[in-house]
Structure formats: C-alpha cells, structure tokens
Peer 1: 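Would you mind keeping the following structure in view while I ask a few things?
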Amino acid sequence: MEKMTDQPAPYAIPSRLAHLFSARFSAKPRTFRAPGRVNLIGEHTDYNDGFVLPSAIDLYTWTAIAPRRDHRLHVFSENLGEAAEIDLTDSAPKARDHWSDYVHGVALMLRNSGVPLRGADLAIFSDVPSGAGLSSSAALEVSIASALLAAAEKTLPLIEIAKLCQRAENEFVGARVGIMDQFASCFGSAGHAILLDCRSLEYKPRPLPAGVSMVICNTMVKHGHSGGEYNERRAQCEEGVRLLKRYYPGIDALRDVTLAQLESQRSEVRRERIPDLIYRRCHHVISENERVLRTADAMSRGHLAVVGACMAESHLSMKNDYEISCRELDVMVDLAQKLPGLIGARMTGGGFGGCTINLVRDAFVAKFGDEIRAAYREATGIDADIYVSAAAAGVTELKNYG
Ligand code: GLA
C-alpha cells in the first residue's frame, strides 16, 4: 500500500524536535506527547451526556518545553515553520482564529484552575492530520497542557487536564465540543478502545478484537469545527431536550430519553410537538447511544457481525438523521463494504469531511488499503491517505532520548 503511515523509530521525532528546540531557544527541553483518536462508534453523543467508544491512535502531537524568566510563551510550530508569542499578563486576551489560540486557551484555563504559570519556550510538531476528524486539536491541547504543567512544576489529575482542555476549546476557541477527544488523548490505553460514560466520566478499557486492525481512510475533505454546523447540531439537541422536557420533566439530556418516548411525541403522531428536523437529530443521538453499548458488548463477546451491523447503522443515521456526512465519506464507506476482510465501516469524528474508520481482518489489511485507495481515486479523483493504527496509550512524557 502506498500511503500507510510510515512509523518512524519511536524517538526519531522527539530527538529532531529537541535539536530544533536547542538551536532556536538555546536550552534543553522536556518533551511531551499526546495522541489523536479515532472513534469506533458514538458520534455527537458526548455533549448529550451519552456513551462513546474511542481509541487513541499512534499519531501524536509532541511539545518540547523549557521555562523562561518572563511571562511570555514563545511557541514555534515545526509543521508550519511559524512562531507565535503569547503574553500571559494580557488582561483581555482574545482568540485570533489562529493555531496559537489552542495554546493560549489552554494556558488561560490552567491559570483559571489555579496553576501559577511561568513563561516558557515551546516547539511543537504533530503528525495528526488537521481537519481530518482525528482530534488534532485535542492532541495539541493535551500535549501543551502537560508541558506547561511540567514547566510550572505542578501536576493535576488527568481528568482535570482533559476537562480544562475541553474548556479551552469551548470558552476560548469557540467550539462547543464534548469531552470525548480530550479524554481519549489523556486516558488512551494500548490495545484498547475506551467505553466512556460522558455523564459520570466512568470508563472501561475494552480490548480490540484479536486479529482485527483499525484502518483509517482520510477522504482529504477538510472540516472545521469552530465553523457553525457543529455548534448548530448541539443547539438542535438542546432544543429537543427543551421540547421533550415539557412531557418528561425528569430528563436533563437526550441520554435520559428512550426511543419510545421520542416516537410518542413525534409531530406526525402529535401535531406541533417535535418538528421533524429536531426529531431526526434526537433520533440519531438516542439510537447511537444504544449502538455504542451494543457494540461494546458484542466486541467483548467476539460477535463481530453485530459490531459491523452497528457501524453500518451508525453511518446511515449520521447521513440521514444527523446530516453530518458528505458525498466523499459515503463513497468511502460504500467502497469498504464491498471489500473482503471488512468487519465494519463508518465515518468518524465531527463530520462534514475527514475520515472513515474501518475494522478489517489483519490478513486483508494491505489489500484493503490498496483497493480502497484505487477505487476512491476512480470515484472522486482524490488520493486518500490511509493509516493503519494500533490503539495507543494516552499522553506521556518522553525520557532518555536524543
Ligand atoms: C468532535 C468533538 C467531540 C465529539 C465529536 C463527534 O470530535 O470534539 O467532542 O462531539 O466531534 O462525536
């Protein structure tokens, strides 16, 4: 296959970044690494207090850091060859629609959590593709948060790191994302997906089925989250809860609603109750929660046909009810269904572009990648990137390299 990720020796990237850092900032850094994630199932359920089943992947954002004596962050992005400066004493900081907003947002939220931040020099490199639905933002936030904490000689529980990174995106960058991505980047577990209850934040690592690989196919269609459609979906769910609460006062989120309850309030059944658009948004979320639990259960019993069926239903639900797919994602999923070795395929992440996740039997992975690339090129004229990823561990400091 032409375009699998070439996994470099584990320390090649941090050593290169440390050299670049020393040349630029004349100091020896500490280095932190946080993974992106792929979601096996459970899309747009996290901000509805529901269930998700993501796995951290072996694509990462690395941050090299050393403290400064002033109150400024000097940040260099190796990917972009671009530097940014952040003044930590700025009393009215504003997002600039720039990559450094994520750094700035995380620094502010750390300070709001009572961490006395010092100035620091930082160099960043990431191989998580941006705008591909693999959580490049969360990988950046979690990597930065861990590095800034270390430079301040402080620690926080991982769950606090996940939450403050989410707040950075919600309150500073302006995307009302849920907790899934930051949680996966913090709590990823090698060889496992994570079944997370986004209300209680209780989680259970679930081993990926033996003999099965995660093959991620990038449609190369880029999405953006601070763009309105993600926030619009979230508002539609809130509207659904508001309407349903009139009949079921005990509910706080779509997590609390059953499909039977939703059906009985549908406008076709009872005029003026739940308009069709809101009904469909709610239908996706409520049915998706049920699919996550069914998938996790089937995975642990080795019932791979059920896993595949849930993934197929999930994709259709996102296409028809939640309307977050696009032609290229649908083409990629349809092509996968025709290939030998496939267990299940669906779009993954926020939607409107990005990647599909395919569970493929190990023996078929190489052929699957070659064939889907060729067929996708034929159907769309686009060269897809294909990544075969292990389920990876969460954020960590890298020691003893270079
Ligand atoms: C984005 C968000 C997550 C989640 C997914 C959709 O990745 O960051 O919180 O809502 O979309 O499941």
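Side chains included, hydrogens not; waters and symmetry mates left out as well; all remaining heavy atoms used. For reference, positions follow the sequence shown, starting with 1. Not measured: the values here are computed from a predicted model. Start at 1 and go down the list; that is how both ligands and their atoms are numbered.
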Peer 1: Quick one: which ligand 1 atoms are inside 4.0 Å of a heavy atom on Met180?
Peer 2: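 Listed by number with element, the hits are 4 (C), 5 (C), 12 (O).
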Peer 1: Which of the numbered atoms in ligand 1 are under 4.0 angstrom from any heavy atom belonging to Tyr230?
Peer 2: 1 (C), 2 (C), 3 (C), 4 (C), 9 (O), 10 (O), 11 (O)
Peer 1: For ligand 1, is there an N or O atom under 3.5 Å from any N or O atom of His44?
Peer 2: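 Right, the criterion is met.
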Peer 1: In terms of atom number and element, which parts of ligand 1 are under 4.0 angstrom from non-hydrogen atoms of Tyr47?
Peer 2: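 In order of number, 10 (O).
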Peer 1: Would the distance check show the side chain of Asp70 and the main-chain N or O of Arg72 forming a donor-acceptor pair, the cut-off being under 3.5 Å?
Peer 2: yes
Peer 1: Any side-chain heavy atom of Asn79 within less than 4.5 Å of one from Phe125?
Peer 2: yes
Peer 1: Which option out of Ile324, Thr348, Asp181 puts a heavy atom nearest to atom 8 (O) of ligand 1?
Peer 2: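 Minimum heavy-atom distance to atom 8 (O) of ligand 1 goes to Asp181.
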Peer 1: Test ring-ring contact (aromatic ring centres under 6.0 Å, His included) on Phe183 and Phe187 and set out the steps.
Peer 2: CA-CA 6 Å; Phe183 193 96; Phe187 288 90; 4.3 Å; yes
Peer 1: Establish, for the pair Arg176 and Tyr47, whether the NZ or CZ atom is under 6.0 angstrom from the six-membered ring centre and no further than 45 degrees off its axis.
Peer 2: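 No, a cation-pi geometry is absent between Arg176 and Tyr47.
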Peer 1: Is the closest N or O pair between Asp46 and ligand 1 shorter than 3.5 Å?
Peer 2: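 Yes, there is a polar N/O contact under 3.5 Å.
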Peer 1: Evaluate the side-chain proximity of Pro129 to Tyr387: yes if any heavy-atom separation is below 4.5 Å, no if none is.
Peer 2: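 Yes, close enough: below the 4.5 Å cut-off.
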Peer 1: Please work out, at 4.0 Å between heavy atoms, whether the side chain, the backbone, both, or neither of Arg233 comes within that distance of ligand 1.
Peer 2: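 Looking at Arg233 and ligand 1, no heavy atom falls under 4.0 Å.
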Peer 1: Going by the atom numbers of ligand 1, which of them fall below 4.0 Å from some non-hydrogen atom of Gly178?
Peer 2: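 The atoms of ligand 1 under 4.0 Å from a heavy atom of Gly178 are 9 (O).
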Peer 1: Just which atoms of ligand 1 are under 4.0 Å from any heavy atom in Arg37?
Peer 2: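 Numbered from 1, ligand 1 contributes 7 (O).
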Peer 1: Report the residue from Glu288, Glu232, Glu323 that forms a salt bridge (Lys or Arg N to Asp or Glu O under 4.0 Å) with Arg281.
Peer 2: Glu323
Peer 1: How about His74 and Phe25: are their ring centroids closer than 6.0 Å?
Peer 2: no
Peer 1: Below 4.0 angstrom from a heavy atom of Val177, which ligand 1 atoms are there? Numbered from 1 as shown, please.
Peer 2: 2 (C), 8 (O), 9 (O)
